[in-house]
Amino acid sequence: VQLQASGGGLVQAGGSLRLSCAASEPTSRWTAVGWFRQTPGKEREFVAGLRGSDKSTYYLDSVKGRFTISGDLAKNTVHLLMDRLKPEDTAVYYCATRGRSSYPITSTMRTEGVYDYWGQGTLVTVSS
């Protein structure tokens, strides 16, 4: 399954962007989705996650209250609405989805190993 991410771009600090990610073809219901980001020289970090069983959401502390993850896991789509963007949010953002039938436990939602498929990444640049 290939994931197609879109919505990245250049925005001024304080602005908003909405990232989207969709499967290239219909596939089985996702059980969890997530967004990660990476900047040059740093490890990829978890940004937001959504678990399909109970619609629980999880966020990196620095984006809480500014970012919102949503999606239709049965239709294989996920979005990340990013408000009040800051220059430190500049990164390549990756969507990730879980195709396994089991739902991940809370403590694992932020780990890369939970997810089976990854998008190609979309660049978000926030200017000051």
Side-chain angles (χ1 to χ4, degrees):
V1 174
Q2 291 187 338
L3 301 181
Q4 297 171 335
S6 61
L10 174 64
V11 64
Q12 288 189 331
S16 299
L17 280 176
R18 184 174 186 255
L19 305 183
S20 295
C21 183
S24 57
E25 58 187 61
T27 185
S28 58
R29 181 188 187 96
W30 293 334
T31 49
V33 292
W35 288 93
F36 290 73
R37 68 186 181 188
Q38 188 172 27
T39 55
K42 292 188 177 181
E43 291 187 356
R44 189 157 56 186
E45 67 175 352
F46 170 84
V47 175
L50 169 64
R51 184 169 59 196
S53 57
D54 56 2
K55 305 297 188 291
S56 295
T57 55
Y58 306 83
Y59 295 97
L60 179 68
D61 284 347
S62 63
V63 309
K64 281 182 181 177
R66 301 188 297 120
F67 290 12
T68 304
I69 186 171
S70 64
D72 187 333
L73 275 60
K75 295 184 178 180
N76 306 133
T77 60
V78 59
H79 308 285
L80 184 68
L81 177 61
M82 305 184 294
D83 292 323
R84 303 197 305 278
L85 282 160
K86 304 176 180 179
E88 50 264 42
D89 294 320
T90 295
V92 176
Y93 284 72
Y94 298 89
C95 60
T97 66
R98 179 179 175 90
R100 281 166 274 178
S101 59
S102 59
Y103 293 101
I105 59 176
T106 297
S107 61
T108 65
M109 280 293 296
R110 293 176 170 80
T111 59
E112 294 192 14
V114 161
Y115 304 94
D116 302 308
Y117 307 111
W118 291 81
Q120 81 281 12
T122 183
L123 177 63
V124 171
T125 303
V126 184
S127 63
S128 57

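Because the structure is predicted, anything quoted here is derived from the model rather than measured.
- Classification of D89 and K86 as a salt-bridged pair fails, no side-chain N sitting under 4.0 Å from a carboxylate O.
- Neither side chain, S70 nor H79, offers a donor N or O lying under 3.5 Å from an acceptor on the other.
- Shortest non-hydrogen contact noted between L80 and A48 is CD1-CB, 4.0 Å.
- S127 OG to L10 CG: the interatomic distance, rounded to the nearest 0.5 Å, is 5.0 Å.
- Closest of all the heavy-atom pairs between S28 and G99 is OG-O, 4.1 Å.
- Y59 places a side-chain N or O within donor-acceptor distance of the main-chain N or O of I69, the cut-off being under 3.5 Å.
- At least one donor-acceptor pair closer than 3.5 Å links the side chain of T90 to the backbone N or O of V126.
- Inter-residue side-chain proximity for V47 and F67 is flagged as met; some heavy-atom pair is nearer than 4.5 Å.
- Of all heavy-atom pairs between Y115 and G49, the closest is OH-CA, 4.4 Å.
- Looking at every heavy atom in both residues, G121 comes nearest to V92 through CA-CG1, 3.8 Å.
- Within the model, atoms OG1 of T39 and CD of E88 stand 11.5 Å from one another, a figure rounded to the nearest 0.5 Å.
- Side-chain atoms of E45 never come within 3.5 Å of backbone atoms of F36 as a donor-acceptor pair (strictly under, hydrogens ignored).
- Interatomic distance, OG of S20 versus CG of L3, reported as 12.5 Å (0.5 Å rounding).
- Side-chain contact annotation: S16 with D83, donor-acceptor N/O pair under 3.5 Å present.
- The salt bridge (charged side-chain N to carboxylate O under 4.0 Å, His left out) contacts involving residues 91-107 comprise R100-D116, where partners must be two or more places apart or lie in separate chains.
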Next on the checklist: For a side-chain hydrogen bond (donor to acceptor under 3.5 Å, both in side chains) check, start with the C-alpha distance between T27 and N76, then their side-chain angles and the critical distance, and finish with the verdict.
Outcome noted: CA-CA 7 Å; T27 185; N76 306 133; 5.4 Å; no
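- Not less than 6.0 angstrom separates the ring centroid of Y58 from the ring centroid of F46.
- Of all non-hydrogen atoms in T31 and Y103, the two that sit nearest each other are O-CD2, 3.3 Å.
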Item to check | Intermediate values then yes/no, side chain to side chain contact (heavy atoms under 4.5 Å, CB included), W118 and E112 | outcome: CA-CA 10 Å; W118 291 81; E112 294 192 14; 3.9 Å; yes
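- Residue L81 is found outside any hydrophobic cluster, as its side-chain heavy atoms come under 4.5 Å of no other Ile, Leu, Val, Met, Phe, Trp or Tyr.
- Separation of atoms CZ (R29) and OG (S101) is listed at 12.5 Å; rounding is to 0.5 Å.
- Just one residue in the list T106, T108, T57 forms a side-chain hydrogen bond (donor to acceptor under 3.5 Å, both in side chains) with R51, and that residue is T106.
- Note that R37 lies outside the cation-pi zone of Y94, set by a 6.0 Å cut-off to the ring centre and a 45° limit from the axis.
- For the atom pair OG of S24 and OH of Y117, the computed distance is 10.5 Å after rounding to the nearest 0.5 Å.
- Nearest approach of L73 to A32, heavy atoms of both residues: CD2-N, 3.9 Å.
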